[in-house]
Enquirer: 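I'd like to ask some things about the structure below.
Residue numbers start at 1 and run along the sequence shown.
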Amino acid sequence: MTNIFSYLKDHEQHIFQTVETLVKAESPSHDKALVDECGQVLQDLFKEHLGLTAEVFKQESAGNHLKFTYGDGDEQILIIVHFDTVWDKGRLSLRIDGNRAYGPGIFDMKSGILLSLWAVKAIKELNILMVV
């Protein structure tokens with residue numbers, strides 16, 4: 001556990017940069033185009049950090065659904081999340097106040113997605129769990 005904590009602490013700035021990137025990709029639930037644009041940002045982040053390509057499930061009136069598969073068989077890691085927000089475009093912007101950050105989806109759910117991504121990345125890079 002200490003190794004994972006140290007790894008994440010060492011990458012704290014980079015983790016925040018990924019959160020900032022995703023939060024700035026606004027994704028109001030009722031705006032399919034923006035949700036899909038945000039989904040592309042998410043795909044780019046998963047590709048960059050874990051080498052994963054999403055399986056995209058096209059939707060007609062809502063944002064496309066994405067599936068990232070990491071591992072094989074019983075060794076797969078499952079993370080279920082959403083990345084749309086209730087905020088209209090431009091309603092909230094990313095704002096930093098001391099050691100706190102505010103913005104659309106920063107707490108629910110975009111930071112959670114990226115903390116999951118970074119946890120898997122730490123496990124992979126530290127060879128803690130041998131997942132192919």
Enquirer: List for me each residue that meets salt bridge (charged side-chain N to carboxylate O under 4.0 Å, His left out) alongside Glu125, sequence neighbours excluded, and say none if there are none.
Expert: Lys121
Enquirer: For the atom pair CZ (Phe68) and CD1 (Ile77), what is the distance rounded to the nearest 0.5 Å?
Expert: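 CD1 of Ile77 is found 14.0 Å from CZ of Phe68.
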Enquirer: Could you tell me whether His11 and His49 have their ring centroids closer than 6.0 angstrom?
Expert: no
Enquirer: Starting from Val86, walk the hydrophobic network (Ile, Leu, Val, Met, Phe, Trp, Tyr; side-chain heavy atoms closer than 4.5 Å) and list everyone else you reach, by chain and number.
Expert: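 Trp87, Leu92, which link up through side-chain heavy atoms under 4.5 Å apart, make up the rest of the cluster.
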Enquirer: Distance-only criterion, 3.5 Å: show the donor-acceptor pairs between side-chain atoms of residues 93-108 and protein atoms not counting sequence neighbours.
Expert:
unit_1 : atom_1 : unit_2 : atom_2 : d
Asp108 : OD1    : His82  : NE2    : 3.3

Enquirer: Would you please name every residue forming a side-chain hydrogen bond (donor to acceptor under 3.5 Å, both in side chains) with Lys89, sequence neighbours left out?
Expert: none
Enquirer: When rounded to the nearest 0.5 angstrom, what is the spacing between CG in Leu114 and CG in Leu42?
Expert: 7.0 Å
Enquirer: Other members of the hydrophobic cluster containing Ile80, with the 4.5 Å side-chain heavy-atom rule, please.
Expert: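 Noted: Ile80 shares its cluster with Leu78.
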Enquirer: Can you list the residues that meet the side-chain hydrogen bond (donor to acceptor under 3.5 Å, both in side chains) rule with Lys9, with sequence neighbours excluded?
Expert: Glu12
Enquirer: Identify the two heavy atoms, one from Thr69 and one from Gln76, that lie closest to each other, and give their separation to 0.1 Å.
Expert: CG2-NE2, 3.6 Å
Enquirer: With sequence neighbours left out, which residue pairs that include part of residues 51-66 fulfil the salt bridge (charged side-chain N to carboxylate O under 4.0 Å, His left out) condition?
Expert: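 Residue pairs passing salt bridge (charged side-chain N to carboxylate O under 4.0 Å, His left out), neighbours aside: none found.
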Enquirer: Enter the distance from Ile79:CD1 to Leu117:CG here, rounded to the nearest 0.5 Å.
Expert: 7.5 Å
Enquirer: Tell me, with the steps shown, if Ile113 and Phe46 meet side-chain contact (heavy atoms from CB on, under 4.5 Å).
Expert: CA-CA 10 Å; Ile113 295 169; Phe46 270 77; 4.0 Å; yes
Enquirer: Under 3.5 Å, which donor-acceptor pairs link side chains of residues 18-35 to any protein atom two or more places apart or in another chain?
Expert:
unit_1 : atom_1 : unit_2 : atom_2 : d
Thr18  : OG1    : Ile15  : O      : 2.6
Thr18  : OG1    : Trp118 : NE1    : 3.2
Glu20  : OE2    : Lys24  : NZ     : 3.1
Thr21  : OG1    : Gln17  : O      : 2.9
Glu26  : OE1    : Gly90  : N      : 2.8
Glu26  : OE2    : Gly90  : N      : 3.4
Ser27  : OG     : Phe83  : O      : 2.6
Ser27  : OG     : Lys110 : NZ     : 3.1
Ser29  : OG     : Asp84  : OD2    : 2.5
Ser29  : OG     : Thr85  : O      : 3.0
His30  : NE2    : Asp88  : OD1    : 3.2
Asp31  : OD1    : Ala33  : N      : 3.3
Asp31  : OD1    : Leu34  : N      : 3.2
Lys32  : NZ     : Asp36  : OD2    : 2.6
Lys32  : NZ     : Gln59  : O      : 2.9
Lys32  : NZ     : Ala62  : O      : 3.2
Lys32  : NZ     : Asn64  : OD1    : 2.9

Enquirer: Could you work out, with side-chain hydrogen bond (donor to acceptor under 3.5 Å, both in side chains) as the rule, every residue matching Gln40, not counting sequence neighbours?
Expert: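 Partners of Gln40 by the side-chain hydrogen bond (donor to acceptor under 3.5 Å, both in side chains) criterion, ordered by chain and then number, come out as Asp44.
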Enquirer: Carefully, step by step, assess Thr53 and Lys47 under the rule side-chain contact (heavy atoms from CB on, under 4.5 Å).
Expert: CA-CA 6 Å; Thr53 301; Lys47 182 70 168 177; 3.2 Å; yes
